[in-house]
Every structure is written in structure tokens, then in C-alpha cells.
Amino acid sequence: MTEDAFPRDPEAPEPARPPVSPGIPGAPVTPGAFGGSPPPPPSAPAAPQAPRPPAYTPGSAQPRLNRPVHERYPQIRPTSGYGDPRITRTGPGPGAGTEQEPERSSKLTARLTLALTVVIGQLWGLTIVVDEWMSGNTGTAWWGAGFLCLSFLVVLGLWLLDPKDR
């Protein structure tokens, strides 16, 4: 796989690579270490440095990317959003998300908690009743079935208690 995920700009200069030591592959050359060359005398001219990359200027080498936004993305109109005729309402009004009737909310929460407790009790009772029935204790199973019917009637009574909340 020779291609990079981000292709290089063809107009950018090549990056400078450090010299490699002959003894250790990939290690940079240290003057005087591992057979490296001694440092040059101070009177010798300095080696030419790699050219600096050009200063950044906005724009691209590809002319198609230098077009104005409205030409690159014609589906975005200047009136997208606030002037869009498809938008008829701006969303929830002031106070949205706050509790309007805290008494009703607490009443419904209490009723839901009680109903869930009864449902869990009925499931527990059903496992006990089935276990007793399979063991042959039919008398205990009938008492358990009566308990399940009674708990259902309790939930039904709670439901009938306040009909305006439905």
C-alpha cells in the first residue's frame, strides 16, 4: 500500500530527511560516533539547508475548490433557515420542558410506582403458584391464584379511582 490517506500537494517541496548512520538502520548520524564523519572544521562553508516551504496563502492548487461557497454548494440558499417557507413554527415556546402541573406529575409517578410494584409481585406470585402446582400442592396453588386475582383487582381499583387522569 503505497498511497497515503492524505495525498501530498504536488507543488509543495520535498521534506528534508536526516542522514542515516551506517551502523544502525534508521538512526541519525552523530559526528564521531559509530564510524560517523568528524565534525567539519569551523572555516568550512555550511551545507546548504533545505528550502523553506512557501508561506501559507488561502486557496487551493485546484481551481474548482476556489469557487465561492454558493457555487460549490448550490443547495444552500441565502434564505436557508429563517426564510424557508417549509418552516411554519419555531419550536417550543417559553417555559418548554418545565413542569406545568407538579401535583399531577407526582400523583402519576406514585401511581406508576405502585402499579409496577404490583406487577412485580404478580410475576413473583405466578412463579410460586406454578412451582407449587408442579410439585403437586394444589391447595397452596389455589391460594396463590386467589392472591394473583386479588392483586389484579387492587390495580383495577386504583385505575378506577381517578378517571379524569386518563
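Considering L108, T109, L116, L114 as possible partners of L112, the one that fulfils the side-chain contact (heavy atoms from CB on, under 4.5 Å) test is L116.
With hydrophobic clusters built from ILVMFWY side chains whose heavy atoms lie under 4.5 angstrom apart, V155 does not share a cluster with L123. M134 and L126 end up in the same hydrophobic cluster when Ile, Leu, Val, Met, Phe, Trp and Tyr side chains are linked at under 4.5 Å. When hydrophobic clusters are built by joining Ile, Leu, Val, Met, Phe, Trp and Tyr residues whose side-chain heavy atoms come closer than 4.5 Å, directly or via intermediates, V130 is grouped together with L148.
Annotation for Q49: atom CD does not count as buried by contact number, only 12 or fewer foreign heavy atoms lying within 6.0 Å.
F147 approaches G121 most closely through the heavy-atom pair CE2-O, 4.2 Å. Looking at every heavy atom in both residues, E132 comes nearest to N137 through OE1-ND2, 2.8 Å.
Here L161 contributes atom CG and K107 contributes atom NZ; the two are 8.5 Å apart, rounded to the nearest 0.5 Å.
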